[in-house]
Engineer: 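Take a look at this one; I'll ask things after.
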Amino acid sequence: MKTLKIAIQKSGRLNEKSVEILKNCGLSFENYKSSLITSVSNFPLEILFLRDDDIPEYVQDGIADLGIVGENVITEAGAKVTYLQKLGFGRCTLKIAVPSHSKLTDIQQLEGQAIATSYPVILEKYLKENDVKNVQIRTISGSVEIGPGLGLSDAIFDIVSTGGTLKSNGLKPFAEVMKSEAVLIGKEGTDLNPEVQELLQRIRSVLRAKETKYVVLNVAKSNLQEVVNLLPGVKSPTIVPLFEEGWVAVHSVIAEQDFWEKINSLKAAGAQGIVVMPIEKIIT
Ligand code: ATP
Ligand code: ZN
């Protein structure tokens, strides 16, 4: 059996969640912070710990078969890789920001201005698509938000999470350019071998489980149909009789996103003693 290699971030914002998702897939490995590579003992897989910036190229060139990295980093690297699965963490937005007192209203007004960024490729593409000309892109590797204060640039283009960093540097968001999250990538144009497919299936079952909750509730038989109508289940809900005559317990799953709305509707429909539990995996 071929031993696969997956590249994940060594340390930083994506490291912990990347390790967690692999562990939730049932993979057993030591997470030595100091080593660059570790072997999984119960799956033909090696994990490479790299700087996130290097991951797209490692996968593009086939040095790693798979990688977990932010879409922003892939786009910036211009790497030709296949997106296998969005992973739902490492979410962020890349925005152009301008000084708080700025009167700019239209991105065309950026013409002739200087913008400091660590993402020159993404910025250039955006400006081109929007036909904004003569912008000076000043590429710097970090602390981009101090650019305008130092007179280095008129605006910045960077990852914005809360807006707090912008505000404390006298800046405000101006234009949203890209949304990003961590994705699982593979080499472009190759068939997925059985080991990759197996891993992908496990990752998807972990993601599905995260999006859903297991619900158990009691309901009088007279209200059962109404309650069941609110609960899809994986196939359909399980109904178990209670010791008390005329009552049943209903077991089902519901989507995390409509959790509160569903719980309220279930109560209104006569559900009692509602217990909600996390799900580890859903294999379909
Ligand atoms: P490395 O040492 O691996 O090069 P880094 O300093 O470039 O790390 P991190 O700050 O750890 O990168 O961020 C990694 C990725 O996390 C980003 O490229 C982005 O996709 C994602 N991310 C999510 N939220 C944020 C945020 N608030 N700020 C920065 N990155 C974020
Ligand atoms: Zn980086």
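Everything numeric here is computed off the predicted structure, so don't read it as measured data. Note that ligands are numbered from 1 as they come in the structure, with each ligand's atoms numbered from 1 the same way.
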Engineer: Looking only at protein heavy atoms, which one is nearest to atom 2 (O) of ligand 1, and what is the separation?
Structural biologist: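 Answer for atom 2 (O) of ligand 1: Arg51 NE, 3.5 Å.
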Engineer: What protein heavy atom sits nearest atom 20 (O) of ligand 1, and how far away is it?
Structural biologist: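 Ranked first by proximity to atom 20 (O) of ligand 1 is Asn72 OD1, 2.7 Å.
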Engineer: Considering only non-hydrogen protein atoms, determine which one is nearest to atom 8 (O) of ligand 1 and report residue, atom name and distance to 0.1 Å.
Structural biologist: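 Result: Gln9 NE2, 3.0 Å.
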Engineer: Which one holds for Asp52 and ligand 1: side chain close, backbone close, both close, or neither close, with close meaning a heavy atom under 4.0 Å?
Structural biologist: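 Both backbone and side chain.
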Engineer: Under 6.0 Å from the six-membered ring centre of Phe157 and within 45° of its axis: does the NZ or CZ of Lys95 meet both?
Structural biologist: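 Pair Lys95/Phe157 does not count as cation-pi.
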Engineer: Nearest protein heavy atom to atom 27 (N) of ligand 1, by residue and atom, and its distance?
Structural biologist: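 Checked against all protein heavy atoms, atom 27 (N) of ligand 1 sits closest to Ser161 OG, 3.1 Å.
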Engineer: Identify whether the distance between the nearest side-chain nitrogen and carboxylate oxygen of Arg13 and Asp52 falls below 4.0 Å.
Structural biologist: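 Salt bridge absent between Arg13 and Asp52.
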Engineer: So, Tyr119 versus Asp158: side-chain donor-acceptor pair below 3.5 Å or not?
Structural biologist: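 Judged by distance alone, the side chains do not pair up.
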Engineer: Give a yes or no on whether a salt bridge exists between Glu111 and Lys133, defined as a side-chain N under 4.0 angstrom from a carboxylate O.
Structural biologist: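 Between Lys133 and Glu111 there is no salt bridge, as every charged N stays at least 4.0 Å from the carboxylate O atoms.
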Engineer: Is the closest side-chain donor-acceptor distance between Gln197 and Asn193 under 3.5 Å?
Structural biologist: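 No, no side-chain donor-acceptor contact under 3.5 Å.
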Engineer: I need the single residue from Val135, Val177, Asp131, Asn130 that forms a side chain to side chain contact (heavy atoms under 4.5 Å, CB included) with Ile107. Which is it?
Structural biologist: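 Single pass found, and it is Asn130.
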Engineer: Pick one of side chain, backbone, both or neither for how Arg13 approaches ligand 1, counting any non-hydrogen atom pair under 4.0 Å.
Structural biologist: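 The part of Arg13 near ligand 1 is both the backbone and the side chain.
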Engineer: With distance as the sole criterion, is a donor-acceptor pair present between the side chains of Gln85 and Arg204 under 3.5 Å?
Structural biologist: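 Yes, because at least one side-chain N or O of Gln85 sits under 3.5 Å from a partner of the opposite role on Arg204.
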Engineer: With heavy atoms of Gly70 as the reference, note each atom of ligand 1 found under 4.0 Å away.
Structural biologist: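 Contacts of ligand 1 toward Gly70, numbered from 1: 20 (O).
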Engineer: Quick check: of its N, O or S atoms, which one does Asp52 have closest to the Zn ion (ligand 2)?
Structural biologist: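 Considering only N, O and S atoms, Asp52 comes nearest to the Zn ion (ligand 2) through OD1.
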Engineer: Nearest protein heavy-atom contact for atom 23 (C) of ligand 1: which residue, which atom, what distance?
Structural biologist: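 Heavy-atom neighbour on the protein nearest atom 23 (C) of ligand 1: Gly90 O, 3.4 Å.
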Engineer: Which of the atoms of ligand 1 are close to Gly12, meaning less than 4.0 Å from one of its heavy atoms?
Structural biologist: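 So the atoms of ligand 1 that pass are 11 (O).
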Engineer: Given Ser141, Ser118, Cys92, which one has a non-hydrogen atom that is nearest to atom 24 (N) of ligand 1?
Structural biologist: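 Going through Ser141, Ser118, Cys92 one by one, Cys92 has the nearest heavy atom to atom 24 (N) of ligand 1.
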Engineer: Which heavy-atom pair separates Gly186 from Val59 by the least distance, and what is that distance?
Structural biologist: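 Smallest heavy-atom distance, with atoms named: C-CG1, 3.4 Å.
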Engineer: At less than 4.0 angstrom from any non-hydrogen atom of Asp53, what atoms of ligand 1 do you find?
Structural biologist: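 Here the atoms of ligand 1 in question are 4 (O), 7 (O).
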Engineer: Going by the atom numbers of ligand 1, which of them fall below 4.0 Å from some non-hydrogen atom of Arg91?
Structural biologist: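 Once the distances to Arg91 are compared, the set is 23 (C), 24 (N).
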Engineer: By atom name, which N, O or S atom of Asp53 is the nearest to the Zn ion (ligand 2)?
Structural biologist: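 Answer by atom name: OD1.
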Engineer: Would you check, one step at a time, whether the test salt bridge (Lys or Arg N to Asp or Glu O under 4.0 Å) holds for Glu256 with Lys213?
Structural biologist: CA-CA 6 Å; Glu256 168 101 75; Lys213 299 272 179 229; 3.6 Å; yes
Engineer: Using protein heavy atoms only, decide if any is under 4.0 Å from atom 18 (O) of ligand 1.
Structural biologist: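 Yes, at least one protein heavy atom sits under 4.0 Å from atom 18 (O) of ligand 1.
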Engineer: Which one holds for Leu14 and ligand 1: side chain close, backbone close, both close, or neither close, with close meaning a heavy atom under 4.0 Å?
Structural biologist: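 Side chain only; the backbone of Leu14 stays clear of ligand 1.
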Engineer: In terms of atom number and element, which parts of ligand 1 are under 4.0 angstrom from non-hydrogen atoms of Val73?
Structural biologist: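 Checking each atom against Val73, I get 18 (O).
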Engineer: If every non-hydrogen atom of Gly189 is compared with every non-hydrogen atom of Thr82, which pair is closest and at what distance?
Structural biologist: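 Minimum heavy-atom separation between Gly189 and Thr82: N-OG1, 4.0 Å.
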Engineer: Can you tell me if Ser265 and Glu261 form a side-chain donor-acceptor pair at under 3.5 Å?
Structural biologist: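 No - no donor-acceptor pair under 3.5 Å links their side chains.
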Engineer: At a non-hydrogen distance cut-off of under 4.0 Å, which region of Glu71 contacts ligand 1 (side chain, backbone, both, or neither)?
Structural biologist: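 Neither part.
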